[in-house]
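Structure first, commentary second.
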Amino acid sequence: MEYDVKDLALSGEGKARIEWAGLEMKVLEIIRRRFIEEKPLEGLKIGACLHVTTETANLMITLKAGGAEGFLCASNPLSTQDDVAASLVKDYGIPVFAIHGEDNDTYYRHIASVLAGKPQITMDDGADLVSAVHTDYKEQASEIIAGTEETTTGVIRLKSMEANGVLLYPVIAVNNADTKHLFDNRYGTGQSTLDGILRATNLLLAGKVLVVFGYGWCGRGVASRARGMGSNVVVVEVDPLRALEAVMDGFRVMTSFEAARQGDIFVTTTGDASVLRAEHFKVMKDRAVMCNAGHFDVEIDIPALEKMATSRDTVRKHVECFIMEDARRLYLLGEGRLVNLAAAEGHPASVMDMSFANQALNAEYAFSHAGELEKRVYDVPGDIDREIARLKLETMGIEIDSLTPEQEKYLSSWTIGT
Ligand code: ADE
């Protein structure tokens with residue numbers, strides 16, 4: 001078996017951590033048990049480009065249990081957990097191509113290694129695998145049944161490919177499932193972003209002005225969790241409706257230029273480029289902290305920061321200090337990459353349980369509908385979404401009511417009024 005990981009000797013720790021995460025992934029466990037019985041993925045090759053974490057390991061093990069042959073590379077050079085990569089190879093026989101801190105060339109070589117496995121399903125977090133197929137490996141597209149996409153940024157790219165008529169195979173937008181974005185993006189990103197900031201800096205959040213850029217599901221999660229920790233939260237948002245929601249959710253909303261003067265900690269979650277840039281760096285307070293929770297490392301204009309700085313030094317693990325000409329110190333966490341994965345361990349397993357249950361069930365759905373889907377971006381089928389919510393509640397030991405026949409009748413009637 002071919003693979004490329006840092007050190008197989010790390011596998012022991014990786015296996016113990018994979019099992020620990022698995023204890024919180026009960027929905028995936030239920031799916032895995034069924035997969036072992038039914039083998040619905042028998043003969044299917046799956047190429048996955050995901051963050052190489054304990055949670056992803058549990059997904060890969062589940063896909064293998066269903067009969068699939070999986071290949072895994074990283075969807076971010078800083079999120080790979082080398083012990084997990086080692087254990088997947090050594091203990092589970094799953095080929096992994098990922099090394100924490102790999103350079104750009106290695107990152108893309110590893111994507112090529114996954115594509116060399118000739119996957120029939122691509123499973124992406126950020127659409128890098130899909131992009132590679134659509135640029136350098138076009139000849140493979142006709143063999144691909146479908147793709148699945150984990151994140152908002154990836155879905156935006158895919159929709160643009162669809163709109164431009166260049167999408168070569170169907171893709172299911174796992175991110176759009178309610179059981180994905182309402183939980184993973186909000187509670188997962190919310191908690192793990194603060195986890196990353198705290199592990200990197202050990203700052204007290206209480207009393208700090210924390211500025212969140214973007215009030216999508218990730219931004220909402222970060223804002224609400226930070227408020228819970230006692231921060232004075234400011235939201236910066238370009239969409240009037242979302243900005244209004246942030247106001248009525250009780251946050252201070254202002255322009256980025258005003259926020260830049262006031263903030264102690266800045267978190268970008270927009271999915272767009274140069275959200276924090278020279279004009280903001282110029283007016284930030286001494287010792288302002290910046291980090292990013294969006295998929296790509298483009299939200300903070302690091303080249304501009306570098307240009308304005310007289311020096312750049314690592315002052316603590318995951319913390320770089322840029323000294324400005326006027327002696328102000330600006331701190332950047334995790335090289336401007338996803339701070340929750342670069343400085344912490346990403347979203348907790350309990351929330352990835354639902355995201356990856358979606359990945360597993362949508363891979364099964366795509367395989368069982370091979371040839372029937374068009375070259376479009378599809379939402380997750382509603383019955384898969386509802387089933388995951390039902391299973392999650394069940395595994396949490398929570399029962400809910402169902403409608404009485406009388407209530408059902410009332411809802412379907414239009415003649416009953418006052
Ligand atoms: N994305 C965010 N957190 C993650 C995790 N723990 N595992 C895989 N992908 C993630």
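Remember, it's 1-based here, ligands and their atoms both numbered in the order they're listed.
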**Prompt:** Between Asn340 and ligand 1, is there a nitrogen or oxygen pair with a distance under 3.5 Å?
**Reply:** no
**Message:** Which heavy atom of Gly336 sits nearest to which heavy atom of Asn292, and what is that distance?
**Reply:** O-ND2, 3.1 Å
**Item:** Pair His134 + Tyr169: ring centers closer than 6.0 Å
**Value:** yes
**Message:** Using a 4.0 Å cut-off to any heavy atom of Thr56, which atoms of ligand 1 qualify?
**Reply:** 7 (N), 8 (C)
**Message:** Taking the side chain as everything from C-beta on, heavy atoms only, tell me whether Tyr215 gets closer than 4.5 Å to Asp249.
**Reply:** yes
**ligand 1 to His347 polar contact by distance, N or O atoms, under 3.5 Å** = yes
**Asked** Which atoms from ligand 1 have a heavy atom of Glu345 less than 4.0 Å away?
**Response** 6 (N)
**Item:** Shortest protein contact, atom 10 (C) of ligand 1 (heavy atom only)
**Value:** Met352 CE, 3.6 Å
Would you give me the side-chain donor-acceptor pairs under 3.5 Å for residues 66-75, sequence neighbours excluded?
from, atom 1, to, atom 2, distance (Å)
Ser75, OG, His51, N, 3.0
Ser75, OG, His51, ND1, 3.3

**Message:** Return the closest protein heavy atom for atom 7 (N) of ligand 1 as residue, atom name and distance.
**Reply:** Thr53 OG1, 2.7 Å
**Complete:** Atoms of ligand 1 under 4.0 Å from any heavy atom of Gly346, numbered from 1 in the order shown, are 3 (N), 6 (N)
**Prompt:** Hey, does Phe97 have a side-chain heavy atom less than 4.5 Å from the side chain of Val114?
**Reply:** yes
**Complete:** re atom 1 (N) of ligand 1, the protein heavy-atom contact at minimum distance is His51 CD2, 3.6 Å
**Prompt:** Going by heavy atoms in the side chains, are Val234 and Phe251 under 4.5 Å from each other?
**Reply:** no
**Prompt:** Tell me, which pairs form a salt bridge (Lys or Arg N to Asp or Glu O under 4.0 Å) where one or both residues lie in residues 208-236, sequence neighbours left out?
**Reply:** Arg220-Glu245
**Message:** For ligand 1, which is the ligand I care about here, please tell me if Glu55 has any N or O atom under 3.5 Å from one of the ligand's N or O atoms.
**Reply:** yes
